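Beneath this line is the structure, given in structure tokens, with notes to follow.
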Amino acid sequence: MALPQTFKAMVVSETAEKTFIREIKQRALNDLPAGELIIEVKYSSLNYKDALSATGNKGVTRKYPHTPGIDAAGMVVDSTTKIVAVGDQVTVTGFDLGMNTSGGFGQYISVPALWATKLPQGLTLKDSMSYGTAGLTAALCIIRLMASGLSKDAGEVLVTGATGGVGSVAVAILAKLGFTVVAATGKSSEHEFLTGLGAKAIISREEANDTSGRPLQKPRWAGVVDTVGGNILATALKTTKYGGLVAACGNAMSHELNVNVFPFILRGVSLLGVDSVEIPMRARQMAWSKLAGEWKVNIGSMVTEVSLEELSPKIDEILKGGIRGRVLVNLST
Ligand SMILES: NC(=O)c1ccc[n+]([C@@H]2O[C@H](COP(=O)([O-])OP(=O)(O)OC[C@H]3O[C@@H](n4cnc5c(N)ncnc54)[C@H](OP(=O)(O)O)[C@@H]3O)[C@@H](O)[C@H]2O)c1
């Protein structure tokens with residue numbers, strides 16, 4: 001297959017004044033790192049981590065100029081392995097994509113074959129990136145909660161950061177599975193969106209953020225999907241019922257967690273960590289097949305589609321916690 005010499009990509013560069021600028025540029029295909037697969041990216045999506053990479057967070061991306069994008073879905077156009085063939089449709093999420101490896105905010109990526117997951121039956125490339133890492137992480141949280149014993153008759157399940165990417169997909173999947181979902185949000189204007197996804201009740205960010213200093217609070221939640229960390233996660237632990245389960249996957253509020261042991265030793269609450277970046281391929285494939293099959297939700301209703309040229313303002317918006325649902329990036333336009 002004849003490949004182009006250059007392709008369009010977002011390039012983030014560090015200036016002499018140590019600021020970071022984003023430009024849409026032509027990049028040479030030859031500049032991509034050597035990889036077993038070259039993938040023509042059709043869709044990517046915006047995740048919180050991409051915004052960190054795009055604004056010079058050295059904990060995410062060490063070297064600039066750099067093309068962010070931890071998600072990519074497209075067609076394999078060159079392969080040096082037998083595991084994945086030219087013409088296969090694949091998704092790549094996590095590993096080092098978009099961190100220190102040129103990412104999905106460019107029309108081509110070059111990656112090891114082991115990073116690629118074949119597109120599951122039941123999803124288009126567009127669907128897969130409408131979910132993206134956020135949807136995959138929501139599925140992994142719910143898999144973890146259910147594998148640890150959460151059942152739909154156990155009581156209310158809280159989702160924090162509910163209008164965000166992970167949160168909104170988690171609300172929709174849990175509601176589809178018959179759980180009683182309570183959404184915690186800072187956006188009073190988005191209650192209708194959340195009830196539309198299936199939330200039975202909504203609490204404000206303030207209500208989810210106990211500042212009383214009390215070691216325990218009235219128990220309410222059978223389960224929690226927490227996407228924000230910080231004192232909201234600490235509050236979730238203090239308000240989880242006896243034997244309840246809390247899945248923690250994010251730090252949009254804070255990476256700090258100031259907790260006491262009482263939820264664990266008096267109520268038997270379990271804190272379950274969820275990572276989508278390094279999870280083994282079998283767990284990743286299982287989560288994708290759930291998203292493509294019995295857990296498939298109306299993901300299109302949560303998506304704002306943008307071109308590469310329209311992406312930059314969305315990056316600023318996600319950093320301020322202002323995004324509703326998912327931002328899909330169409331690389332073909
Ligand atoms: N563990 C993993 O593998 C993994 C994978 C994906 C994402 N994550 C993490 O999960 C988190 C969510 O990711 P995302 O892509 O869903 O991001 P997102 O779309 O920006 O959603 C985050 C949501 O959190 C709420 N929020 C934002 N700032 C807040 C603050 N200061 N205090 C309290 N709530 C705040 C907002 O929702 P409301 O306005 O509705 O409250 C916001 O929409 C991020 O920290 C991300 O890094 C982790």
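These figures come from a predicted structure and were not determined experimentally. Indexing begins at 1, ligand by ligand and atom by atom, following the structure's order.
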Taking atom CZ of Phe262 as the centre, does the number of heavy atoms from other residues, nucleotides or ligands within less than 6.0 Å exceed 12? no

Can a salt bridge be assigned to the pair Lys58 and Glu14 using a cut-off of 4.0 Å between side-chain N and carboxylate O? yes

Every residue of the protein that comes under 4.0 Å of ligand 1, judged on heavy atoms: Tyr48, Thr133, Thr137, Gly161, Ala162, Thr163, Gly164, Gly165, Val166, Thr185, Gly186, Lys187, Arg205, Thr227, Val228, Ile232, Cys249, Gly250, Asn251, Ala252, Met253, Val274, Asp275, Ser276, Ile318, Gly321, Ile323

Side-chain donor-acceptor pair under 3.5 Å between Asp71 and Asn47, yes or no? yes

Show your working on side chain to side chain contact (heavy atoms under 4.5 Å, CB included) between Leu158 and Val225 and close with a plain yes or no. CA-CA 6 Å; Leu158 175 69; Val225 173; over 6 Å; no

Are the side chain of Asp226 and the backbone N or O of Gly229 linked by a donor-acceptor pair below 3.5 Å? yes

In plain terms, say whether Lys314 and Glu310 are close enough for a salt bridge, that is, a side-chain N and a carboxylate O under 4.0 Å apart. no

